[in-house]
Protein chains: 2
Amino acid sequence: MKDLQQKIRSFTDVSDSDREFALQFYKKEIFKKGTYLLQPGVFINTFYFIKKGCVSYYMIEEGNTQVMEFFTEGDFFTDLFAYIQETPSDAYLEVLEDTIAYTIYKKDVEKIFEHSHQLERFGRLSMQKAFINNFQRVFQLKNLSNQERYVRLLERRPSLFQRVPQYLIASYLGLTPVGLSKIRKRISTK
Amino acid sequence: MKDLQQKIRSFTDVSDSDREFALQFYKKEIFKKGTYLLQPGVFINTFYFIKKGCVSYYMIEEGNTQVMEFFTEGDFFTDLFAYIQETPSDAYLEVLEDTIAYTIYKKDVEKIFEHSHQLERFGRLSMQKAFINNFQRVFQLKNLSNQERYVRLLERRPSLFQRVPQYLIASYLGLTPVGLSKIRKRISTK
DNA sequence: GATTCTCATTAAACTGGTTTAATAAAAAGT
DNA sequence: ACTTTTTATTAAACCAGTTTAATGAGAATC
């Protein structure tokens, strides 16, 4: 759990004993490609940390798959919207590659935050991080063209294009596969 | 500061003494229409709570004003992105109506979170709220048509249309004024 | 090795927006 | 009250995407 320890440390200073307390609740799990960690209508009470692998977070709106996010190595994730609000999810979490993750139940996460002021702070800073990520998403969706968003994704997460089919990336960018293909062509011929 | 007290209470249980501790740092301020609370290049070290009035949060991208949010009565706000990251802002916070707000400095916010575990938790839950708001924004930008977003805004924040010029609402929705006008016409003639 | 399935590209017709510019109406300033 | 400024609508030309359908190429299955 070195990677998980390191991740926690990257947010804020937590004492060794606090970190030990937190880590005891995590358990390592392996998920096969094609597994659903979550489906619509279900309550989600698990938080995940990816050690190795890739998971997509998407919804189906009027028959169209809408990819909200891809999670990869080093990401903490869950359907945070349903998790926080404690409502049935509208989303899928689908394992795109064989994945190794550390998992923890919400009730244990709450025990951790309850355990000390420092760990509660870790919780606040984690939420800040989640906010920042999401804010950048809003910024890009609102203020950048589809082409600009494609180019940025290519720059910032190039490995995604190696491991995820293009039609899912198109959906993530808010495009159809045809639309993305056109953009790629436009770029390559100039 | 009844409204501010109530707002804090709505997040989590905080003892009377903790609440007193927090409230001491807020001061009431009045801002005239047209005032900028923030401009690009500046560090923001203030958090605001609106008692009465309206403030827009926008950026200028390639010459175009891009409204990210409107804040009104009962909203906690700042340029949370620049505030968290402690980087110079890219944004404006412009007072759209004469506004009464309670303001607090970041260093005092940090004192508050430091003061007790319960207040730290209040901080975490506030961040969760900010995340949820922003998540819904991503959802709508990605998965709804412009027309659907317009209709929803009309339903959910009808008073905005009374107090904010339409071209700013267009920008908030990710449209030009001409585009919004067309959508309004399309809806009214069916 | 042949077949099937999945995925990316292309073409053609279409659509919901944009840009630019003109007009009208309302609000603000003198 | 008159003028100026701000805001919303409309029209016309345009464009970046969509939808549908066909084609091709690679990977998986038998």
Side-chain angles (χ1 to χ4, degrees), chain A residues 32-34 54 56 58 60-67 70 92 94-98 140-154 158-190, chain B residues 32-36 54 56 58 60-67 70 92 94-98 140-154 158-190:
Chain A
K32 282 263 165 255
K33 175 176 176 172
C54 185
S56 67
Y58 65 90
I60 297 186
E61 292 289 317
E62 298 174 5
N64 301 313
T65 297
Q66 296 283 0
V67 176
F70 298 107
Y92 298 81
E94 181 180 345
V95 177
L96 298 182
E97 298 171 358
D98 292 359
Q140 294 192 6
L141 285 167
K142 244 201 118 272
N143 303 344
L144 304 184
S145 69
N146 291 318
Q147 180 169 328
E148 285 170 315
R149 280 208 303 288
Y150 167 70
V151 170
R152 288 216 190 181
L153 189 63
L154 208 50
S159 64
L160 223 47
F161 294 78
Q162 262 36 68
R163 62 205 294 192
V164 169
Q166 194 172 296
Y167 69 93
L168 290 180
I169 290 179
S171 168
Y172 174 76
L173 293 168
L175 290 166
T176 60
V178 176
L180 178 53
S181 186
K182 277 188 166 188
I183 287 172
R184 284 161 55 80
K185 188 176 190 190
R186 192 193 307 149
I187 288 171
S188 70
T189 62
K190 77 159 185 221
Chain B
K32 283 263 167 256
K33 175 175 177 174
T35 308
Y36 288 95
C54 185
S56 68
Y58 65 91
I60 297 186
E61 292 290 316
E62 298 174 5
N64 302 313
T65 298
Q66 296 284 0
V67 176
F70 298 106
Y92 297 82
E94 181 180 346
V95 177
L96 299 182
E97 299 171 358
D98 292 359
Q140 294 191 8
L141 285 167
K142 245 201 119 272
N143 304 344
L144 303 183
S145 69
N146 291 319
Q147 179 168 328
E148 285 170 316
R149 280 208 302 288
Y150 167 70
V151 170
R152 287 216 191 180
L153 189 64
L154 209 51
S159 65
L160 223 47
F161 293 79
Q162 261 38 67
R163 61 205 296 193
V164 169
Q166 194 172 297
Y167 70 92
L168 290 181
I169 290 178
S171 168
Y172 174 76
L173 293 169
L175 289 166
T176 60
V178 176
L180 178 53
S181 186
K182 277 188 166 186
I183 286 172
R184 284 161 54 80
K185 188 175 191 190
R186 192 193 306 149
I187 289 172
S188 70
T189 62
K190 79 161 183 217

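Proteins get letters first, then strands, A, B, ... in listed order; numbering begins at 1 in each. Side-chain atoms are counted along with the backbone in the values below, which use heavy atoms only and exclude waters and symmetry mates.
- Contact check for Leu96(A) versus Arg163(A): no side-chain heavy atoms found under the 4.5 Å cut-off.
- Rounded to whole angstrom, the span from the CD1 atom of Ile169(A) across to the P atom of dC7(C) amounts to 13 Å.
- The phosphate of dA8(C) (OP1 or OP2) has no side-chain N or O of Arg184(A) nearer than 4.0 angstrom.
- A residue-by-residue look at Lys33(B) and Val178(B) shows that Val178(B) has its nearest nucleotide of DNA chain C further toward the 5' end.
- Distance OH (Tyr167(B)) to C1' (dA26(C)): 14 Å, rounded to an integer number of Å.
- For the helix from dG1(C)-dC30(D) to dT30(C)-dA1(D), the end axes, each set by the C1' atoms of five terminal pairs, are bent relative to each other by 50° (nearest 10°).
- Residue Gln166(B) is the one, among Lys182(B) and Gln166(B), whose nearest nucleotide of DNA chain D lies closer to the 5' end (criterion: closest heavy atom).
- Once rounded to the nearest 0.5 Å, the distance linking CD1 of Ile169(B) with CG of Leu180(B) reads 7.5 Å.
- For the pair Phe70(A)/Leu168(A), a side-chain contact is recorded, criterion being any heavy-atom separation below 4.5 Å from C-beta on.
- Taking NZ of Lys32(B) as the start and CD of Glu97(B) as the end, the distance is 12.5 Å to the nearest 0.5 Å.
- In this structure, Leu175(A) reaches the sugar-phosphate backbone alone: every heavy-atom distance under 4.0 Å involves primed, P, OP1 or OP2 atoms, never a base.
- Atom OH of Tyr150(B) and atom P of dG17(C) are 13 Å apart (whole Å).
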### Task
With side-chain contact (heavy atoms from CB on, under 4.5 Å) as the test, would you mind laying out the steps for Leu153(A) and Tyr172(A) before giving the verdict?
CA-CA 10 Å; Leu153(A) 189 63; Tyr172(A) 174 76; 3.9 Å; yes

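- In this view, Arg184(A) and Tyr150(A), Gln166(A) satisfy the side-chain hydrogen bond (donor to acceptor under 3.5 Å, both in side chains) rule, not counting sequence neighbours.
- At whole-Å resolution of the value, CD in Gln147(B) and P in dT18(C) are 13 Å apart.
- Proximity of Asn146(B) to the phosphate of dG16(C): no side-chain N or O atom is located under 4.0 Å from OP1 or OP2.
- In this structure, Leu168(A) atom CG and dC7(C) atom C1' are separated by 11 Å, rounded to whole Å.
- Between the Ser171(B) side chain and the Val67(B) main chain, a donor and an acceptor come within less than 3.5 Å of each other.
- Taking 4.0 angstrom as the limit, Ser181(A) places none of its side-chain polar atoms (N or O) nearer than this to OP1 or OP2 of dA8(C).
- Contact footprint of chain B on DNA chain D: nucleotides with an atom under 4.0 Å from a non-hydrogen protein atom, first to last in 5' to 3' order, dT7(D) to dA11(D).
- We find the CD-CG distance between Glu148(A) and Asn143(A) to be 9.5 Å, quoted to the nearest 0.5 Å.
- Taking atom CD1 on Ile183(B) and atom C1' on dT18(C), their separation rounds to 12 Å, with Å as the unit.
- To the nearest 0.5 Å, the span separating OG on Ser181(A) from OH on Tyr167(A) amounts to 15.5 Å.
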